[in-house]
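Here is the naming used below: chain letters follow the sequence lines, and residue numbers restart at 1 for every chain.
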2 protein chains.
Amino acid sequence: MRIGELAELAGTTTRALRYYEAQGLLPARRDAKGYRSYDLSDLRLVTEIRSLTGIGFALEETRPFVECLRDGHPTGDSCPASVAVYRRKLAEVDDLIDRMTAVRDRLRDQLALAEVPFSTPVCATSGGSGLEDADG
Amino acid sequence: MRIGELAELAGTTTRALRYYEAQGLLPARRDAKGYRSYDLSDLRLVTEIRSLTGIGFALEETRPFVECLRDGHPTGDSCPASVAVYRRKLAEVDDLIDRMTAVRDRLRDQLALAEVPFSTPVCATSGGSGLEDADG
DNA sequence: CCTTGCCTTGACGTCGGCGTCAAGGTGGAG
DNA sequence: CTCCACCTTGACGCCGACGTCAAGGCAAGG
């Protein structure tokens, strides 16, 4: 198949596919007319790339998975390098979740504090919550 | 004070402060020499900007907080527009946490599945764990 | 023959939040 | 007078993953 068809099957664009090729992730044969020529194994590569980038992997991080597939392994994560990326990524995501959770908690608190004055705009809750002079 | 001092007090750079000014977030007076001149209320603005961007707010999203402070309110979130941003941001963060959690769970599963073949490379665990032929 | 549609390469644009360099002004210390 | 540190404006660089436009080739259909 040609690049347009592959792009449509993979749910992406021809530009993205050429970009993957430029990054060395998706090598392409050429037909007599000089057009890029792909088969189903290439669709498989693109699917792997897309599903990984779709959950937050950088393109570079998909490389071990793609090379694993190109080496004939049944899945992209059948190789140690891929598993290593899994582990790094899992640690990153865990950390990110922790930080986002902390942010969420702070946002909830701040939101609760900031909403009160609008529901009771007249009565000040007596002077001194400990926030008036935070810096120095 | 001048821009270098403000930058140091706020823990940032002169370049960042000029950028904030260019975005209309941090207006600056000028002294006789044409130098930007700031006071403690400006430090307050920069502190507000930094604490918000530090937890993931885009610069544009800090605008209501900064304008709220400049309008003489005691805190950046004393205004309805700021509270509205809080709410939007909280929803975004909640959603982000959900998605990241889903990603984490998928990563854990995939990692568990991918690690097994390396821990038992020789003895197949009797034919049929459901992974040998996942696709087609 | 002309249009249409697919393909090619090349190259610049996008977004955010600055970093970094260039070229020059200003005032104080030695 | 020179050096130094601070300031000014202007403008290009960066990162990632492409979008978009330009200019052109190749084949099929009316």
Test for a donor-acceptor pair under 3.5 Å between the base of D:dT9 and the side chain of B:Arg18, counting only N and O atoms. no
Can a side chain N or O of B:Arg50 be found less than 4.0 Å away from OP1 or OP2 on C:dG17? no
Value in whole Å for how far the P atom of C:dC6 lies from CZ of A:Arg30: 18 Å
With respect to the side chain of B:Lys33, which nucleotide from D:dT9, D:dC18, C:dG27 is positioned closest? C:dG27
What's the CG-P distance between B:Leu25 and C:dG16, to the nearest Å? 13 Å
Quick check against the 3.5 Å criterion: does B:Ser82 have a side-chain atom that pairs as donor or acceptor with the backbone of B:Gly76? yes
Using whole Å, what does the distance between atom P of nucleotide D:dC26 and atom CG of A:Asp31 come to? 12 Å
Taking for each residue the nucleotide of DNA chain D bearing the nearest heavy atom, is the 5' side occupied by A:Tyr20 or by A:Tyr35? A:Tyr20
May I have the distance from B:Arg15 (atom CZ) to C:dT20 (atom P), rounded to whole angstrom? 11 Å
Regarding the side chain of B:Ile3, the nearest nucleotide among D:dT8, C:dC18, C:dT8 is D:dT8
Within this structure, what is the OH-to-C1' distance between B:Tyr19 and C:dG19, rounded to whole angstrom? 13 Å
Any salt bridge linking A:Glu21 with A:Arg18? Criterion: basic side-chain nitrogen under 4.0 Å from a carboxylate oxygen. no
Provide, to the nearest angstrom, the distance between the CE atom belonging to A:Met1 and the P atom belonging to C:dC7. 12 Å
Please determine if A:Arg29 and A:Asp39 form a salt bridge, counting it only when a charged side-chain N lies under 4.0 Å from a carboxylate O. yes
Heavy atoms under 4.0 Å, any strand shown: does A:Thr13 hit a base, just sugar-phosphate, or nothing? sugar-phosphate
Can a salt bridge be assigned to the pair B:Glu92 and B:Lys89 using a cut-off of 4.0 Å between side-chain N and carboxylate O? yes
D:dC6 phosphate, OP1 or OP2: any side-chain N/O from B:Arg36 under 4.0 angstrom? no
May I ask you to say whether B:Arg63 pairs ionically with B:Glu60, meaning some side-chain N is under 4.0 Å from a carboxylate O? yes
Output the rounded distance in Å from CZ (A:Phe57) to C1' (D:dG16). 17 Å
Provide, to the nearest angstrom, the distance between the CZ atom belonging to B:Arg2 and the P atom belonging to C:dG25. 18 Å
